[in-house]
Amino acid sequence: MVAAAGLVRSGQRVSLAYPLRHDGIQAGAIPGRINPIHTMVSVNEPNLGDPDGFCSSDDTVEMALQAGTHWDGLGHVSYGGVLYNGIPATTVTEEGSAVLGIEQVESLTGRGVLLDVAGARGVDRLAGGEVIDAADLDHAAHHGGVEVRSGDIVLIRTGWMQLMHAGDRNTYGGFAEGSPGPGLEAVEWFHRHDVAAVATDTYVFEVFPSENPEAMLAVHLLDIVDMGLTQGQNWDLEELAVVCAADGRYEFLLEASPQPVVGAVGSPVNPVALK
């Protein structure tokens, strides 16, 4: 952590969150995962009775915790009836995750590394269904002049977020035309480098459709259930890629702690890269 803090030189800050909005990332592909519904519950209310005195406005938000830029908690997925570390999947109930709630992740702050796979390939954006393998990750690290170390938070840029900026959330979702992302070989790479967390700029996180049609979303299962690896989706890495290319530094201090929603299996986050 001390070494990561030493990466802050210019003081430049870059938010990696896509705005939370009613017409946001969710296009209805996953039932119940709704975009934020923002409601004003009071507007310029004279709380003490005097309209010329103290007045306040309050609002509420109803949303899926994984509606926008978010982390998946370790209670998010299971297979064979178990969650991470062999914990029974039955510990997740209508009341939430009794053992692996997102509040267990008290802080996610450390050295962040941008692996600009699209930039390293010399393209603006990867195509739907393109697999990111170990060679791609090594090539992106070489392109950025960085060495991925144990405990790093790795951010993988595919350029896919450009679709959201263009208003094409249906293609961005990836369920119709596919989505680029890490494949099965990348999971071994994550393990070999002992990274703390990985996030991508896509809806699905991993390549979709999966390389093995009989093991759909297998990267989720291997990352979260087998390795206990925190993974994030819908991160906006476009500005960060420009900033990193401009100053030639693809490492930074990253503060990306989840909201401590007790029992939750995911959390929205406003990640901030400090350079």
Side-chain angles (χ1 to χ4, degrees), residues 16 69-72 76-77 79 84 111-164 171-238 240-241 244-245 250-252 254 271:
L16 314 180
T69 305
H70 70 271
W71 287 119
D72 285 338
H76 177 50
V77 296
Y79 73 95
Y84 169 64
R111 179 181 185 245
V113 174
L114 176 65
L115 298 185
D116 187 355
V117 175
R121 288 191 185 181
V123 299
D124 289 335
R125 183 176 72 247
L126 302 187
E130 281 199 69
V131 178
I132 295 174
D133 59 20
D136 288 313
L137 298 174
D138 285 335
H139 181 51
H142 178 74
H143 170 80
V146 291
E147 176 187 356
V148 177
R149 305 168 188 156
S150 175
D152 283 349
I153 305 169
V154 173
L155 311 182
I156 299 174
R157 177 181 175 267
T158 69
W160 206 240
M161 185 57 73
Q162 294 174 8
L163 294 168
M164 280 303 304
T171 301
Y172 174 79
F175 291 99
E177 300 182 23
S179 176
L184 297 173
E185 192 176 295
V187 176
E188 298 180 14
W189 190 95
F190 300 153
H191 185 268
R192 186 164 62 251
H193 287 80
D194 191 31
V195 298
V198 180
T200 69
D201 58 352
T202 72
Y203 185 93
V204 191
F205 178 84
E206 62 190 88
V207 64
F208 189 86
S210 300
E211 298 157 280
N212 182 348
E214 296 182 358
M216 299 301 283
L217 300 178
V219 173
H220 268 70
L221 301 180
L222 293 169
D223 279 354
I224 298 175
V225 180
D226 289 349
M227 289 200 299
L229 180 67
T230 299
Q231 65 177 40
Q233 288 137 267
N234 303 322
W235 288 43
D236 190 345
L237 304 178
E238 293 305 291
L240 181 62
C244 288
Y250 285 73
E251 58 178 354
F252 37 84
L254 180 67

Q: Tell me whether the count of non-hydrogen atoms from other residues, nucleotides or ligands lying under 6.0 Å of CG in Asn212 goes above 12.
A: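 Result for CG/Asn212: enclosed.
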Q: Report yes if some heavy atom in the side chain of Leu115 is under 4.5 Å from a heavy atom in the side chain of Val154; otherwise report no.
A: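 Answer yes - side chains close enough.
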Q: Taking all heavy atoms of Glu238 and all of Asp201, pick out the closest pair and write down the distance.
A: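 Residues Glu238 and Asp201, closest heavy atoms: OE2-OD2, 4.2 Å.
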Q: Going by heavy atoms in the side chains, are Asp72 and Phe205 under 4.5 Å from each other?
A: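 Of all side-chain heavy-atom pairs linking Phe205 with Asp72, none is under 4.5 Å.
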Q: Is Glu130 reaching over with its side chain to a backbone N or O of Pro180, donor-acceptor style, under 3.5 angstrom?
A: no
Q: Please answer whether the main-chain N or O of His220 pairs with a side-chain N or O of Gln231 as donor and acceptor at a distance below 3.5 Å.
A: no
Q: Less than 4.5 Å apart, side chain to side chain, heavy atoms only: is that true for Phe208 and Thr202?
A: no
Q: Would you check, one step at a time, whether the test side-chain contact (heavy atoms from CB on, under 4.5 Å) holds for Leu163 with Arg125?
A: CA-CA 9 Å; Leu163 294 168; Arg125 183 176 72 247; 3.9 Å; yes
Q: Name the orientation class of the two ring planes belonging to Tyr172 and Tyr203 (parallel below 30°, tilted from 30 to 60°, perpendicular beyond 60°).
A: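 Tyr172 vs Tyr203 ring planes: perpendicular.
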Q: Hey, would you say the Trp160 and Trp235 ring centroids sit under 6.0 Å apart?
A: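 No, too far apart.
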Q: Any side-chain to backbone donor/acceptor pair from His143 onto Asp116? Under 3.5 Å, distance only.
A: no
Q: Taking the side chain as C-beta and beyond, is there a heavy-atom pair between Leu16 and Thr69 under 4.5 Å?
A: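 Side chain of Leu16 against side chain of Thr69, heavy atoms only: no contact under 4.5 Å found.
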Q: Are any non-hydrogen side-chain atoms of Leu222 and Val219 less than 4.5 angstrom apart?
A: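 They are not in contact (no side-chain heavy atoms under 4.5 Å apart), so the answer is no.
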Q: So, the side chain of Glu251 versus the backbone of Val113: is there a donor-acceptor pair under 3.5 Å, distance only?
A: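 It does not hold such a pair.
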Q: So which heavy atom on Ala196 is nearest to which on Gly151, and how close?
A: CB-O, 3.4 Å
Q: Looking at every non-hydrogen atom in both residues, tell me the closest pair between Ala135 and Glu185 and how far apart they are.
A: N-OE2, 4.1 Å
Q: Answer yes or no: is there a side-chain heavy-atom contact under 4.5 Å between Leu137 and Val148?
A: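 Answer no - side chains too far apart.
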